[in-house]
2 protein chains.
Amino acid sequence: MRADALRGHLDSLVLAVVEHEPLHGYAIIEALQVRSGGELELPTGTVYPALRRLEAAGYLTSDWDEVGGRRRRTYALSRAGRKALAQHRAEWRTFSSVIGGVLGEA
Amino acid sequence: MRADALRGHLDSLVLAVVEHEPLHGYAIIEALQVRSGGELELPTGTVYPALRRLEAAGYLTSDWDEVGGRRRRTYALSRAGRKALAQHRAEWRTFSSVIGGVLGEA
DNA sequence: GCGCTATATGTTGCTTGTCTACATGTAGCC
DNA sequence: GGCTACATGTAGACAAGCAACATATAGCGC
């Protein structure tokens, strides 16, 4: 999958993946990989800045905890994040049908 | 629709729109608007550079003609462009199912 | 102890594509 | 002359994803 095709859609993916359970960055990367059937292998240089961005925007909250001597920053979806996710899903439906429509298959 | 969601997908759209008939830039912008049900209102600063990029990549060929005293640069899909379009369509199917899958609707 | 892998977080700087704003010119209408 | 539609294009700003780098712990095999 080409690199910048993802542009503008990563935020939605991250929000979706922490929807039901808070996760730390590393686990988010793994979850995206699993959920995409191996298609998404996102580098840390992509994901970590995105997490900070989403937290700054108020869509995620984070807490430090320590598991087995390793520090983890666990991210959870905020109320605003939940709202944003719903919005993103609606936008995705539009986007997807617009592109699909113009692209056609004929 | 957010701007950079389009990032990386515009090329596919442009190639698709000139698939069956060569069009000039202005007409391409209008065609995209019509075909997207009004969702895509692309500024010239987006489309014209994209056309030049696609021509430089060998996916489009262009010819100047004059209609009613106005100069037009008409773009047509090259053989390589046709191939690229097929490739883009396949990539879109993957992309779309990956994002849709991760996003879920549950 | 040493090297390796997996886990875990983060930054710097590059690149590239989209957009805003600007710039230019013709045709047709009032 | 002024307005709108048609038509092409450029310069510069901005943002996001990425590669590469930097750091540190845990656990395993030797």
Side-chain angles (χ1 to χ4, degrees), chain A residues 1-15 18 22-34 36 39-57 59-60 62-75 88 95 98-99, chain B residues 1-15 18 22-34 36 39-57 59-60 62-75 88 91 95 98-99 102:
Chain A
M1 205 160 62
R2 286 202 329 293
D4 38 302
L6 202 59
R7 183 94 166 207
H9 303 285
L10 176 62
D11 290 9
S12 315
L13 300 180
V14 171
L15 295 178
V18 296
L23 291 174
H24 61 283
Y26 195 83
I28 288 171
I29 292 173
E30 289 182 319
L32 286 171
Q33 197 180 338
V34 170
S36 67
E39 287 289 332
L40 294 171
E41 300 217 336
L42 303 178
T44 64
T46 294
V47 176
Y48 286 109
L51 290 171
R52 289 163 132 328
R53 201 167 62 227
L54 288 166
E55 188 177 16
Y59 299 148
L60 293 178
S62 75
D63 282 296
W64 284 102
D65 51 316
E66 192 163 334
V67 177
R70 288 198 190 86
R71 284 162 80 246
R72 289 176 173 176
R73 204 206 289 240
T74 301
Y75 291 89
H88 279 136
F95 179 78
V98 164
I99 306 296
Chain B
M1 206 159 62
R2 289 203 325 295
D4 38 303
L6 201 59
R7 181 99 167 210
H9 303 284
L10 176 62
D11 290 8
S12 316
L13 301 180
V14 171
L15 294 178
V18 295
L23 292 173
H24 62 283
Y26 196 83
I28 288 171
I29 291 173
E30 288 181 318
L32 286 171
Q33 197 180 336
V34 170
S36 67
E39 287 289 332
L40 293 171
E41 302 217 335
L42 304 177
T44 65
T46 295
V47 176
Y48 286 110
L51 290 171
R52 289 162 130 334
R53 202 166 60 229
L54 288 167
E55 188 178 16
Y59 299 147
L60 294 178
S62 75
D63 282 297
W64 284 101
D65 52 316
E66 191 162 335
V67 177
R70 288 197 191 88
R71 286 164 76 247
R72 289 177 173 175
R73 195 186 324 218
T74 301
Y75 291 90
H88 279 137
E91 276 169 18
F95 179 78
V98 164
I99 305 296
V102 174

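Each chain gets a letter, A, B and so on, in the order the sequences are listed, and its residues count up from 1.
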Which residues pass the salt bridge (Lys or Arg N to Asp or Glu O under 4.0 Å) test with [X], not counting sequence neighbours?
X        : value
Arg73(B) : Glu55(B)
Arg70(B) : none
Glu91(B) : Arg2(A)

When you look at OH of Tyr75(B), are more than 12 heavy atoms from neighbouring residues, nucleotides or ligands closer to it than 6.0 Å?
-> yes

Mind checking what makes side-chain hydrogen bond (donor to acceptor under 3.5 Å, both in side chains) contact with [X], not counting sequence neighbours?
X        : answer
Glu66(A) : none
Ser12(B) : none
Ser36(A) : none
Arg53(A) : Asp11(A)

In whole angstrom, what separates [X]'s [atom1] from [N]'s [atom2]?
X        : N       : atom1 : atom2 : value
Arg72(A) : dA26(D) : CZ    : C1'   : 12 Å
Arg52(A) : dA15(D) : CZ    : P     : 18 Å
Leu10(A) : dA15(D) : CG    : C1'   : 13 Å
Leu51(A) : dA16(D) : CG    : P     : 14 Å
His9(A)  : dG17(D) : NE2   : P     : 9 Å

Could you tell me whether Arg7(A) contacts a base, only the sugar-phosphate backbone, or nothing, with contacts defined as non-hydrogen atoms closer than 4.0 Å?
-> base

Looking for any heavy atom pair under 4.0 Å, which part of the strands does Arg70(B) touch: base, sugar-phosphate only, or nothing?
-> base

Contact interval (first through last nucleotide) of DNA chain C with protein chain A, 4.0 Å heavy-atom | dA6(C) to dG17(C)

Between Asp4(A) and Thr74(B), name the one whose nearest nucleotide on DNA chain D is closer to the 5' end.
-> Thr74(B)

Identify, residue by residue, the members of residues 27-34 of chain B with a heavy atom below 4.0 Å from DNA chain C, and return them in order of residue number, or none.
-> none

Sequence neighbours left out, what passes ring-ring contact (aromatic ring centres under 6.0 Å, His included) with His9(B)? Give chain and number order.
-> Phe95(A), Trp92(B), Phe95(B)

Could you list by number each residue of residues 40-48 of chain B showing a heavy-atom separation from DNA chain D of less than 4.0 Å, or answer none if no residue does?
-> Thr44(B), Gly45(B), Tyr48(B)

Just jot down the side-chain contact (heavy atoms from CB on, under 4.5 Å) partners of Ile29(B), sequence neighbours excluded, or say none.
-> Thr44(B), Val47(B)

Heavy atoms of Leu23(B) and Ala31(B) approach each other most closely as CD1-CB, 4.1 Å

